[in-house]
Amino acid sequence: MPELPEVETVRRALAHSLARRRIVAVEGTGLALRRPLDVPVLQARLPGRTLLAPRRRGKFLLLDTDPSGSLLVHLGMTGRLLVADAGSERPRHTHLVVSLDDGRELRFVDPRRFGLAVWLAPGQEAVDPSLAALGLEPLDPTAPRLLPPLLHARRAPLKALLMDQRLVAGVGNIYATEALWRAGVRPGRAGCRTSPARLRRLVLAVQEVLEEAIDQGGTTIRDFAGPGGDPGAFAVRLQVYGHAGARCPRCGGTLRTTRLAGRSTVWCLRCQR
DNA sequence: CCAGTATCCTGCAGGC
DNA sequence: TGCCTGCAGGATACTG
């Protein structure tokens, strides 16, 4: 389940392995992803371009090229970007293959097809609906100052607000769950019923957990892997996600599970207020 | 405008 | 063993 730390891990790996590689060909299955995978457009635009260092915005990756333009990628739930030798066997559900000038290829693999790969011409980035709707980058130094008032203005449960990409871009179910536990805040608490001081603590907890996860190369529950196929190491550091029914590592209470905003949520009844 | 829910998709786990 | 059901949840379309 790629959230910000997983996407950032992929970005860093691709920055090393793809920079200055020239694209020579593109193949695609034509199967629909979240948005239609427009293979003819990708085949018309990508070959001949050189890949630059990728950027990340929320959970989106922007593979910038020279001449300018970008391949916008979202990994959805089960998406992977893999770099492998062109001769090697392609995994099931490989929807897009970008061949490089050094005999390797970039593969977009996504069994559940919640992901996305679209060409953005110069200038399109500013008007792309997915990107334009994104809120604050949670790791931005201004987040602890700017985010609490936005959360305080809303009646929805804090967990739903943290996962709302229009407010904060990049936090998903795993890290929202962990940050709320770290901050000692109940996931179902309404934003407007939480003090600014607690909201600030919550935002700092979000930053902390995201940074630690990036340091560990992301979290692998089932599907995530870096471009080389390697799993992230943060799963062992998850304190509550996936541990419903276990003891709370902080107070020894029982971790409960509920559904909030359609997502499973784990929290400690005793020490999360 | 805001909050909550249904929807897309596949793989896997659990029950029988 | 095999079939069925439910769950996992990213973004987004829809409803109230």
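Note that the coordinates shown come from a computational prediction; the quantities given were computed from them, not determined experimentally. Protein chains get the first letters and strands the later ones, always in sequence-line order, with residue 1 at the start of each.
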A/L162 CG to C/dA11 P, in whole Å, measures 14 Å
By nearest-nucleotide position on DNA chain B, the 5'-leaning member of A/R154 and A/R34 is A/R154
Indicate whether OP1 or OP2 belonging to C/dA11 is found under 4.0 Å from a side-chain N or O atom of A/H74. yes
Over all strands shown, is A/R259 touching base, sugar-phosphate only, or nothing at heavy-atom distances under 4.0 angstrom? sugar-phosphate
Just checking A/R92: base, sugar-phosphate only, or nothing, at a heavy-atom cut-off of under 4.0 Å? sugar-phosphate
Could you tell me which non-hydrogen atom of A/G170 sits nearest to which non-hydrogen atom of A/Q165, and how far apart they are? N-OE1, 2.8 Å
Rounded to 10°, the angle between the first-five-pair and last-five-pair axes of the helix from B/dC2-C/dG16 to B/dC16-C/dG2 is 50°
Interatomic distance, A/D110 CG vs C/dA8 C1' [rounded to whole Å]: 14 Å
NA contact type, A/G172, heavy-atom cut-off 4.0 Å: base, sugar-phosphate, or nothing? sugar-phosphate
For the residue pair A/R45 and A/T65, confirm or rule out a side-chain donor-acceptor distance under 3.5 Å. no
Please tell me if A/H93 has a side-chain N or O lying less than 4.0 Å from either OP1 or OP2 of B/dC9. no
Does A/P157 or A/R263 map to a spot on DNA chain B nearer the 5' end, using the closest nucleotide for each? A/P157
Regarding A/R113, tell me which of base, sugar-phosphate or nothing describes its non-hydrogen contacts under 4.0 Å with the strands shown. sugar-phosphate
Mind checking whether A/F108 and A/H95 have parallel, tilted or perpendicular rings, split at 30° and 60°? tilted
Quick one: pull up CZ in A/R263 and CE in A/M163 and give me the separation to the nearest 0.5 Å. 6.0 Å
What residues, two or more places apart in sequence or in another chain, satisfy side-chain hydrogen bond (donor to acceptor under 3.5 Å, both in side chains) together with A/S264? none
Looking at every heavy atom in both A/Q207 and A/D140, which two are closest together, and how far apart are they? NE2-O, 3.2 Å
Measure from the side chain of A/M163, starting at C-beta and using heavy atoms only, and say which of B/dA3, C/dG10, B/dT10 lies closest. C/dG10
C/dA8, OP1 or OP2 - any side-chain N/O from A/T78 closer than 4.0 Å? no
